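Keep in mind that this is a model prediction, so the values were computed, not measured. The chains referred to below are lettered A, B, ... by the order of the sequence lines, with proteins before strands, and numbering in each begins at 1.
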Amino acid sequence: MKDYDPVEIEKKWQERWEEEGVDRAEVDESREPFYLIFAYPGVSGFLHLGHMRCYSYTDIIARYKRMEGYNVLFPTGTHPTGNQAYSLSKHLQEGVPEKIDYMKRNGATEEDIERVKDPMELVTYFNEVYIDKYWKKFGISIDFDYFTYSTREDYKQFIKWQFRKLKERGLLTQKDYFGTECIECGPVAVDPSETDLSKGGTAEKQEYTLLKFEYNGRYITAATLRPETVFGQTNLWVDPEEGYVVAEVEGEEWILSKEAVEKLKYQKDDVKVIDTIMGEDMIGDYVKAPVIHRDIIILPASFTDPDVGTGIVTSVPSDAPYDWIALRDLKQDEDTLKRFGLEGKIEDVEPIPIIESKDWGINPAEKIIHEMDIQSQRDDDKLETATQKIYKSGFHTGKMLDSCQDYSGMSVQKAKEMVKEDMIASGEADIMYDLSEEVVCRCGAKVVVGKIPDQWFIRYSDEELTEKSKKHATDMEIKPQSYADNITETIGWFQDRSCARKGNWMGTEFPFDEEWVIEAIADSTLYPAYYILAKHYNDGIIEAENMTEDFFDHVYLGKGNIEDVSKKTGLSKETIEDIRSDFKYWYPLDLNLGGKEHMTVHFPPFLMNHVGILDEEYWPKGIFVNWWLVGKGGKISKSKGGAEPIPDTAEKYGVDTLRLFYAHSASPFVDKEWDEDEVFNYRKKLNSIWNKVHRMKETDGGKNPVDEYLRSRFYSLVMKGNEYMQDHELRKAASVVYYDIPSEIDWYFKRGGCNGELMDEIAKGMLKLMVPFTPHIAEELSDMWNIEYLVKSGLPKIPEDGISKKAELEEEYIKEVRADIKQILDIADVEGEKIHIYTAAGWKEKAVGMIIQQPEKGMGVMGELTKKLDAPAKQLSKFVQHILKDLREKGAKDSWSIDMNEYEVLKGAAAFLEEEFQAQIKIYPPDGSSYDPTNKSSQAIPRKPAIYVE
RNA sequence: GCGGGGGUACCCGAGCAUGGCCAAAGGGGCAAGGCUUAGGACCUUGUGACAUAGGUCUCCGAGGGUUCAAAUCCCUCCCCCCGCACCA
């Protein structure tokens with residue numbers, strides 16, 4: 001026997017499979033199609049072991065479906081859209097050392113690095129790397145004839161068509177958008193993964209309502225997150241030490257902090273600083289407050305921050321703890337009052353109750369300050385907490401009081417929106433966006449919230465689209481269940497989504513406005529429909545210029561007269577019909593697999609774009625979400641480095657080992673920590689299977705009583721494994737194949753099984769079950785039986801006589817007897833040289849037979865039993881009780897109804913038990929105990945013989 | 001805040017929907033023995049407590065409840081994790 005050498009085997013079979021074309025997908029009307037994809041990767045660097053988790057799952061399902069007899073289409077592509085490929089290329093141009101090192105570490109040569117300084121070359125380079133060093137090397141059974149990528153001309157044609165359709169259906173719109181952007185590089189994503197950032201991933205974009213206070217023909221502006229509290233305004237807070245500016249904003253003059261005006265420049269069209277003004281110069285003056293139209297006084301405070309809002313705060317002492325305490329402090333601070341000439345001016349500045357909430361009643365600020373014992377306006381942490389508490393309670397349970405004009409009686413939640421909108425409409429307020437903490441771009445520049453005028457949006461808020469998508473989602477097969485429960489919710493809150501960008505981005509030009517480039521999420525929704533066409537492009541049958549609107553309309557929507565379409569596209573009728581029928585054959589997509597990061601990013605628009613554009617019969621049928629593979633410190637990510645290069649790991653352990661690790665070491669629906677020791681255990685597992693299959697091959701004995709048991713157990717497990725695979729329960733299925741079945745084979749050998757024919761049957765069956773998970777080793781081992789291409793052979797068929805409940809029951813019985821004997825030997829202080837096994841008295845077996853006829857009668861059968869059986873009355877009643885209890889508690893009726901001759905079964909296993917316990921075994925038939933010194937035999941009950949050891 | 005998912009033995013992890021062969025699968029780790037002693041190898045056994053006959057007791061985040069019977073159903077509480085968008 002040769003040792004298991006995965007590297008050699010894997011290379012050999014990958015080459016042979018390619019020659020044989022086992023991954024090829026051709027239309028075959030006689031077979032049921034199954035179409036699946038994984039979410040194609042963005043081109044941003046080398047793939048990591050987390051990607052391979054998803055690809056392995058996809059391949060396992062693809063191979064299983066092939067074994068099941070489906071005609072499987074499994075294509076892939078790549079997604080260079082966006083700026084990731086671009087920025088890597090740029091970094092290499094600039095010679096960033098980490099990036100160069102990163103490339104080299106992953107096997108790029110000097111020439112490669114030189115070449116990929118051109119972004120388009122970088123895309124080509126990575127396309128090759130992904131295909132040759134990752135997918136092919138991992139034995140992922142993709143048909144690369146369908147390969148495409150999102151910056152190729154043909155793909156772009158497809159995307160343009162898609163956007164024309166969206167527009168046609170009223171699903172595109174244009175409006176201003178406020179998004180996060182780096183002041184140097186343009187739009188960036190602010191999210192915890194910090195893909196684009198060097199700092200501030202947890203920041204939130206906040207929308208402030210900017211209140212305008214009339215002041216000498218200008219407006220003092222104050223930002224608030226709680227517009228509904230304007231009714232409780234009593235004064236303004238200004239920092240006397242702070243230098244504010246006067247800025248011209250869209251024709252008005254606003255007073256605000258320097259920091260605020262810098263931010264506003266990105267959000268308003270005409271912002272110009274024209275003057276400065278010190279805080280102290282405003283103290284004591286009066287301004288006209290919005291909505292309430294009362295004159296309120298400007299007072300000094302120290303808690304304001306020029307970098308938060310406008311650096312000027314409107315004071316609502318009833319509901320804002322900061323305001324309440326600042327006001328109290330000021331009233332007691334005679335020096336300050338004197339300094340600003342405020343004596344006698346602020347006595348009547350008092351909190352005005354505006355909101356009543358469940359937990360805090362009215363005037364919550366005062367209450368919470370006493371409760372939390374807050375001493376001063378500098379007690380930041382406590383004040384922050386207090387503010388949060390009041391806000392939470394107020395937002396959910398609060399009601400506006402009578403002091404709130406038309407909004408009285410309204411819930412805070414509702415009033416908040418309405419007050420804001422009304423104030424903006426009347427010109428008393430505006431909107432200002434800010435980030436909750438400092439955010440810095442990867443390039444080192446500041447990230448701000450900026451206005452993008454006339455941004456294009458896909459209208460995912462569209463009611464009809466939302467409803468249709470939600471409904472369809474409930475009919476889809478979505479794994480895991482938690483996401484199936486969730487996705488309709490997600491679709492529900494999905495708002496309009498910007499779909500194009502300006503700047504140096506790779507992607508498709510927006511068809512109605514060439515300045516814009518369609519962004520990465522928007523051009524990766526309908527693409528599974530395009531792979532089918534990409535093959536024809538790859539085959540040279542169609543060119544990008546043939547792909548006109550009429551062409552796609554006909555292929556995807558069946559629109560238009562074929563003669564016309566042929567004329568307009570310059571393609572023959574046959575070609576067009578051919579492509580159309582390919583699409584009709586393969587579509588809809590059966591399964592789309594992707595990581596959990598896609599749950600709120602890719603899958604909803606993927607589904608909604610299908611619903612929005614294609615006919616219902618082509619809407620996708622399934623989604624499978626896998627969680628991440630994480631390193632010790634968190635997610636393994638492309639951008640932040642990560643684990644060692646995959647090709648090296650694959651050589652070290654073999655890809656079958658890695659695939660088995662993915663399939664079995666954890667449920668797909670949890671994050672899994674990468675652990676090399678664990679991987680090594682799977683390598684050992686495959687070694688042991690290798691050895692076991694060789695042993696099975698060498699076994700050439702004759703029939704044996706245990707044969708029927710093993711055969712039955714095997715086919716029972718095959719059925720179980722199939723059920724798991726139907727549900728995409730990959731881990732459970734792998735457990736059956738790699739653990740349950742081998743351990744039954746071990747038991748078989750242990751029991752002395754040696755049937756060569758049966759071993760052939762089971763080994764071949766087991767290898768077929770292994771194909772989806774570890775195809776290379778399975779194929780190699782199957783060579784011993786001269787099977788030509790095991791991966792094409794189909795699943796093991798379950799013979800009609802394959803499963804015998806009786807055989808399984810009998811063997812279970814022996815296992816139990818063995819366990820009982822072992823337990824007795826463990827605890828009893830006996831030699832254990834002789835073991836006597838007494839089967840139950842004949843009348844007991846008969847009694848059981850009668851009881852299970854009518855177990856519902858309970859003890860009612862006693863009379864009948866006494867009459868019919870020759871049994872000791874006392875024992876009988878005790879026994880009947882026992883059996884009834886057993887039936888009731890364990891629901892054992894099924895197994896009782898199978899006939900079993902215990903005496904014969906035990907005799908058959910006697911040699912085995914003697915060997916096991918190195919003891920003499922003596923078995924007695926019912927009522928046939930010739931030697932029984934302790935009267936053990938009376939304790940025997942059917943299915944549980946009495947045992948006496950000496 | 002909104003929405004979702006969890007807490008099971010040394011660890012990971014099944015079971016929980018349909019309560020009862022559940023002291024609780026499987027794997028890992030650890031221990032003992034065997035076998036080899038060049039490979040992180042392989043095989044057996046053990047791994048809640050007690051028990052000189054197959055038994056008993058305790059146990060599935062905490063506390064209550066329903067039931068003949070609860071890891072499983074109901075209630076309360078505590079704790080942990082994840083997603084919330086222009087990031088592929």
For this session: Is it possible for you to check whether A:Arg695 lies under 6.0 Å from the centre of the six-membered ring of A:Phe749, through NZ or CZ, and within 45° of that ring's axis?
Result: yes

Problem set entry | Cationic N near anionic O, under 4.0 Å, A:Lys692 to A:Asp746 | yes

Under a 3.5 Å cut-off for both distances, is [N] Watson-Crick or wobble paired, and to whom?
N	value
B:G3	B:C82
B:A31	B:U45
B:A88	none

Seminar exercise, completed: Per atom distances to the A:Ala520 side chain, the nearest of B:G83, B:U45, B:A88 is B:A88

Problem set entry | Closest listed nucleotide, where the reference is the side chain of A:Tyr653 and the choices are B:C87, B:G40, B:A85 | B:G40

Would you kindly give the [atom1]-to-[atom2] distance between [X] and [N], to the nearest whole Å?
X	N	atom1	atom2	answer
A:Lys479	B:G4	NZ	P	19 Å
A:Arg497	B:A85	CZ	P	10 Å
A:His598	B:C87	NE2	C1'	10 Å
A:Phe606	B:A85	CZ	C1'	18 Å
A:Glu489	B:C2	CD	C1'	9 Å
A:Phe603	B:A88	CZ	C1'	12 Å
A:Asp677	B:C11	CG	C1'	13 Å
A:Lys692	B:C42	NZ	C1'	11 Å

Just checking [X]: base, sugar-phosphate only, or nothing, at a heavy-atom cut-off of under 4.0 Å?
X	answer
A:Arg818	sugar-phosphate
A:Tyr483	nothing
A:Trp493	base

Expressed as a whole number of Å, how far does the [atom1] atom of [N] sit from that of [M]?
N	M	atom1	value
B:C2	B:G40	C1'	49 Å
B:C77	B:G83	C1'	26 Å
B:G4	B:U56	C1'	44 Å
B:A62	B:A71	C1'	14 Å
B:C80	B:C57	P	37 Å
B:C22	B:C16	C1'	12 Å
B:G27	B:C78	C1'	31 Å
B:G15	B:A24	C1'	8 Å

Problem set entry | Under 4.0 Å protein heavy-atom contacts per nucleotide of nucleotides 12-18 of chain B, with B for base, S for backbone only and - for none | -SSS---

Below 3.5 Å between N/O atoms, which protein atoms pair up with nucleotides 47-57 of chain B? Just atom names and distances, please.
from: B:A53; atom 1: O2'; to: A:Lys936; atom 2: NZ; distance (Å): 3.2
from: B:A53; atom 1: N6; to: A:Val949; atom 2: O; distance (Å): 2.3
from: B:A53; atom 1: N1; to: A:Val949; atom 2: N; distance (Å): 2.8
from: B:G54; atom 1: O2'; to: A:Asp820; atom 2: OD1; distance (Å): 3.4
from: B:G54; atom 1: O2'; to: A:Gln823; atom 2: OE1; distance (Å): 2.8
from: B:G54; atom 1: O6; to: A:Ile947; atom 2: N; distance (Å): 3.2
from: B:G54; atom 1: N1; to: A:Pro945; atom 2: O; distance (Å): 3.2
from: B:G54; atom 1: N2; to: A:Asp820; atom 2: OD2; distance (Å): 2.6
from: B:G54; atom 1: N2; to: A:Pro945; atom 2: O; distance (Å): 3.1

Among residues at least two apart in sequence or on other chains, which ones pass salt bridge (Lys or Arg N to Asp or Glu O under 4.0 Å) with [X]?
X	result
A:Glu678	A:Lys672
A:Asp462	A:Arg459
A:Arg751	A:Glu811
A:Lys684	none

For nucleotides 34-36 of chain B, give me every protein contact, N/O to N/O, under 3.5 Å, one pair per line with atom names.
none

For this session: With sequence neighbours excluded, tell me which residues meet side-chain contact (heavy atoms from CB on, under 4.5 Å) with A:Ile824.
Result: A:Ala828, A:Ile947, A:Val949

Problem set entry | With A:Gln206 via side-chain contact (heavy atoms from CB on, under 4.5 Å) - residues at least two apart |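 Only A:Tyr208, A:Leu225, A:Ser436 meet the side-chain contact (heavy atoms from CB on, under 4.5 Å) criterion with A:Gln206.
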
Taking N or O atoms only and anything under 3.5 Å, show me the protein contacts with nucleotides 28-32 of chain B, one pair per line.
from: B:G28; atom 1: O3'; to: A:Asn681; atom 2: ND2; distance (Å): 3.4

Beyond-backbone contact of [X] with [Y], side-chain heavy atoms, under 4.5 angstrom:
X	Y	answer
A:His79	A:Asp523	yes
A:Leu172	A:Phe510	yes
A:Pro945	A:Tyr813	yes

Exercise. Are any side-chain N or O atoms of A:Asp496 and backbone N or O atoms of A:Ser461, one a donor and one an acceptor, separated by less than 3.5 Å?
Worked result: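 At least one qualifying donor-acceptor pair exists.
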
Exercise. Which residue, A:Tyr149, A:Phe46, A:Tyr134, forms the ring pair (Phe, Tyr, Trp, His ring centres under 6.0 Å) with A:Phe126?
Worked result: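 Among the candidates, only A:Phe46 passes.
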
For this session: Verify the distance criterion only: is there a donor paired with an acceptor across the side chains of A:Asn609 and A:Tyr527 at less than 3.5 Å?
Result: no

Exercise. Quick one: side chain to side chain donor-acceptor pair (under 3.5 Å) partners of A:Ser665, sequence neighbours excluded?
Worked result: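 With sequence neighbours excluded, A:Ser665 shows a side chain to side chain donor-acceptor pair (under 3.5 Å) to no residue whatsoever.
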
For this session: With sequence neighbours excluded, tell me which residues meet side chain to side chain donor-acceptor pair (under 3.5 Å) with A:His664.
Result: A:Tyr682, A:Ser735

